[in-house]
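Both ligands and their constituent atoms are indexed starting at 1 by order of listing.
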Amino acid sequence: MSRVIVPALTLAAALSIGLIAVAAAHPQAEALPRARLGDLMTNLIQPRHTKLGLGGQAHNWQYAAYEWSELNAAFKTVETRVPRYHDVAMTDWLQMVRPPMEELAAAIKAKDAAQFDAAYSHLTDGCNACHQSTDHAVIVIQSPSAAMFPDQNFAPRTQ
Ligand code: HEC
């Protein structure tokens with residue numbers, strides 16, 4: 001081999017070992033690139049907030065419990081994919097929705113419609129409080145007033 005090719009191959013090998021080492025050290029970062037918060041809100045948080053509200057309105061507690069854990073997991077995804085926003089840790093921003101999420105969990109467990117309605121409205125207030133604190137007061141969330149998922153039946157199963 002020529003004197004030029006050998007160092008070039010050595011360099012290429014060293015680089016690829018380096019890249020493999022970097023990928024192995026950050027497997028999660030590789031699998032989950034950072035995401036845009038607006039996309040996560042629209043695709044994960046908003047539909048789950050809507051469906052949780054519709055399930056509660058239908059007094060479908062089994063479904064509400066399911067959708068509550070989906071929304072809870074969606075908040076965790078937001079925290080992982082967007083760890084900081086406006087120089088504040090996402091986990092700190094999300095304190096605005098944690099107490100109402102706990103309130104909702106208790107209401108669902110107790111199958112208490114009035115408690116659910118109050119907790120759901122506190123959650124919605126939490127969404128809006130964060131939008132206001134992050135200079136997005138233009139985004140106003142409310143309780144769903146009509147079924148926005150016409151292909152899904154939110155009524156409890158009878159059997
Ligand atoms: C971190 C605090 C925070 C919390 C808590 C929060 N949001 Fe957001 N949300 C934002 C920010 C910031 C944006 C704008 C992101 C961007 O576009 O960069 C946003 C955007 C949105 C959007 C996109 C608006 C549009 O029309 O495209 C929706 C919908 C939304 N949020 C719904 C909700 C709902 C529903 C909740 C509560 C269940 C909630 N958000 C809780 C911070 C928050």
Side-chain angles (χ1 to χ4, degrees), residues 19 21-159:
L19 284 175
V22 167
H26 302 282
Q28 212 177 4
E30 283 293 299
L32 291 172
R34 288 215 176 184
R36 288 193 59 249
L37 185 56
D39 291 340
L40 295 178
M41 286 281 159
T42 298
N43 296 320
L44 302 183
I45 302 295
Q46 185 178 24
R48 305 238 180 262
H49 173 265
T50 303
K51 289 177 161 198
L52 178 57
L54 295 172
Q57 283 171 24
H59 300 177
N60 187 345
W61 307 119
Q62 216 181 337
Y63 175 78
Y66 163 79
E67 200 57 34
W68 181 94
S69 59
E70 291 294 304
L71 180 60
N72 198 45
F75 278 128
K76 288 206 179 100
T77 303
V78 166
E79 208 176 306
T80 314
R81 306 277 309 266
V82 186
R84 291 185 79 74
Y85 192 82
H86 281 195
D87 258 346
V88 174
M90 185 55 74
T91 189
D92 293 338
W93 284 122
L94 293 181
Q95 292 304 333
M96 292 192 203
V97 289
R98 285 208 178 97
M101 282 297 281
E102 289 313 312
E103 226 184 301
L104 268 168
I108 293 166
K109 207 169 166 211
K111 302 184 168 72
D112 184 326
Q115 200 188 332
F116 180 92
D117 290 348
Y120 189 82
S121 118
H122 296 155
L123 172 65
T124 307
D125 291 346
C127 307
N128 290 325
C130 199
H131 294 157
Q132 282 157 18
S133 318
T134 52
D135 296 327
H136 287 86
V138 73
I139 303 170
V140 181
I141 303 302
Q142 60 183 10
S143 288
S145 52
M148 290 147 108
F149 295 89
D151 61 346
Q152 188 167 355
N153 186 345
F154 292 94
R157 284 164 60 92
T158 42
Q159 87 275 17

Would you check, one step at a time, whether the test side chain to side chain contact (heavy atoms under 4.5 Å, CB included) holds for R98 with T91? CA-CA 10 Å; R98 285 208 178 97; T91 189; 3.7 Å; yes

Show your reasoning for whether side chain to side chain contact (heavy atoms under 4.5 Å, CB included) applies to L52 and F116. CA-CA 10 Å; L52 178 57; F116 180 92; 4.2 Å; yes

Begin with the C-alpha distance, continue with both residues' side-chain angles, and end with the deciding distance and a verdict on side chain to side chain contact (heavy atoms under 4.5 Å, CB included) for Y120 and H122. CA-CA 5 Å; Y120 189 82; H122 296 155; over 6 Å; no

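Set against the non-hydrogen atoms of T134, the atoms of ligand 1 under 4.0 Å away are 12 (C). Against a heavy-atom cut-off of under 4.0 Å, W93 is close to the following atoms of ligand 1: 1 (C). Residue F75 approaches ligand 1 through these ligand atoms, each under 4.0 Å from one of its heavy atoms: 38 (C). Ligand 1 places these atoms under 4.0 Å from at least one heavy atom of V97: 5 (C).
Protein heavy atoms are found less than 4.0 angstrom from atom 40 (N) of ligand 1.
Put simply, the side chain of E67 never gets that close to the backbone of G56: no donor and acceptor are under 3.5 Å apart. Looking at W93, its side chain never comes within 3.5 Å of a backbone N or O of E79 through a donor-acceptor pair. Between the side chain of T134 and the main chain of H131, a donor-acceptor pair closer than 3.5 Å is present. Counting only distance, with no hydrogens or angles, the side chain of N60 and the backbone of G55 share no donor-acceptor pair below 3.5 Å.
The option from M90, H136, M101, Q95 that lies nearest to atom 14 (C) of ligand 1, judged by heavy atoms, is H136. Here the shortest heavy-atom distance to atom 16 (C) of ligand 1, taken over A129, G126, G38, belongs to G38.
Metal site remark for atom 8 (Fe) of ligand 1: M41 contributes an N, O or S atom at a distance under 2.8 Å. For H131, the nearest N, O or S atom to atom 8 (Fe) of ligand 1 falls under 2.8 Å.
Contacts of Y120 with ligand 1, taken as heavy-atom pairs under 4.0 Å, are absent altogether.
Nearest heavy atoms, M90 versus Y85: CE-CB, 3.9 Å.
The OH atom of Y63 sits 10.5 Å away from atom CG of N153, with the distance rounded to the nearest 0.5 Å.
In terms of protein heavy-atom proximity, atom 36 (C) of ligand 1 is nearest to C127 SG, 2.8 Å. Nearest protein heavy-atom neighbour of atom 18 (O) of ligand 1: Y85 OH, 3.8 Å. Here the protein heavy atom with the shortest distance to atom 1 (C) of ligand 1 is C130 SG, 2.8 Å. Distance from atom 23 (C) of ligand 1 to its nearest protein heavy atom, with residue and atom name: T42 OG1, 3.5 Å. In terms of protein heavy-atom proximity, atom 11 (C) of ligand 1 is closest to L37 CD2, 3.7 Å. For atom 32 (C) of ligand 1, the closest non-hydrogen atom on the protein side is I141 CD1, 3.6 Å.
For Q62, the CD atom sits in a loose shell: 12 or fewer heavy atoms of surrounding residues, nucleotides or ligands are nearer than 6.0 Å.
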